Amino acid sequence: GRAVYGLDGRLLHGTPALDAVLEAEPDWEALTDAIRALARSHAADGHPVAQATVEGTRGTYALTPSRTRSVAPRPAVLVAVEAPAERALPPAQEIADRTELTPRQAEVALLLAERRSNREIAEALCISPYTARNHTEAVLSRLGLGDRRQVRDAIADV
């Protein structure tokens with residue numbers, strides 16, 4: 001994703017792609033702080049940072065700034081944020097073997113990792129939305145998670 005920041009570190013313009021990167025990162029506040037700090041480094045006299053990396057919960061993010069002119073007459077910094085590559089997920093049977101999930105719950109967990117809704121899970125597995133919701137609740141409970149967005153990280157580590 002990309003965003004334009006003022007040299008004071010204030011967001012001037014963001015993109016939906018950047019919003020998606022920030023939404024996927026559980027520690028999005030730290031990532032946002034790093035982006036702002038990078039923009040502010042361009043305001044200081046001396047040598048601005050050419051590129052930076054930030055360790056997030058999901059991996060290492062690459063931040064690449066370039067000075068530009070914003071819509072306003074003051075200078076700004078365009079910051080490109082490259083998200084870490086998604087970790088490959090194990091097959092459903094391996095998830096079931098290494099966790100307390102049933103084979104069907106492991107299939108649901110993989111679909112949750114793809115950020116599918118209960119309705120989409122129901123359609124993919126030819127089950128009712130009610131059954132999909134029950135499976136989703138069971139997956140979260142058995143993995144000890146409070147949020148369906150955490151499933152990807154939980155099953156990638158099995």
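Model, not experiment: these values are computed from the prediction. Only heavy atoms go into these numbers, but all of them, side chains included; no hydrogens, no water, no symmetry mates.
Remark: the backbone N or O of E100 is paired with a side-chain donor or acceptor of R142 at under 3.5 angstrom. Counting only distance, with no hydrogens or angles, the side chain of S41 and the backbone of L38 share a donor-acceptor pair below 3.5 Å. A donor-acceptor pair under 3.5 Å is formed between the side chain of T32 and the backbone N or O of W28. Put simply, the side chain of Q150 gets close to the backbone of D147: a donor and an acceptor are under 3.5 Å apart. The main-chain N or O of T60 is never found under 3.5 Å from a side-chain atom of T53 such that the two would form a donor-acceptor pair.
For L89 against A113, the heavy-atom pair with the smallest separation is CD1-CB, 3.6 Å. Counting all heavy atoms, side chain and backbone alike, V21 lies closest to G1 at CG2-N, 4.2 Å. The shortest heavy-atom contact between R2 and A80 is NH1-CB, 3.7 Å. The heavy-atom pair separating Y61 from P84 by the smallest distance is CE2-CD, 3.3 Å. Scanning both residues, G9 and R40, for their nearest heavy atoms gives N-CG, 3.6 Å. Closest heavy-atom contact between A92 and A106: O-CB, 3.3 Å.
Using a 4.5 Å heavy-atom threshold, the side chains of L140 and E137 count as separate. Proximity of D27 to E29: side-chain heavy atoms (C-beta onward) are separated by under 4.5 Å at one or more points.
To the nearest 0.5 Å, atom CG of residue L143 and atom CD1 of residue I155 are 8.0 Å apart. Between atom CG of residue L18 and atom CG of residue L11 there is a gap of 7.5 Å, rounded to the nearest 0.5 Å. Atom-to-atom distance recorded for E23:CD and R149:CZ is 6.5 Å, nearest 0.5 angstrom.
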Just list the side-chain donor-acceptor pairs under 3.5 Å for residues 118-125, sequence neighbours left out, or say none.
from	atom 1	to	atom 2	distance (Å)
N118	OD1	T136	OG1	2.9
N118	OD1	R148	NH1	3.3
N118	OD1	R148	NH2	3.2
E120	OE1	S117	N	2.8
E120	OE1	S117	OG	3.4

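Annotation for R104: atom CZ counts as buried by contact number, over 12 foreign heavy atoms lying within 6.0 Å.
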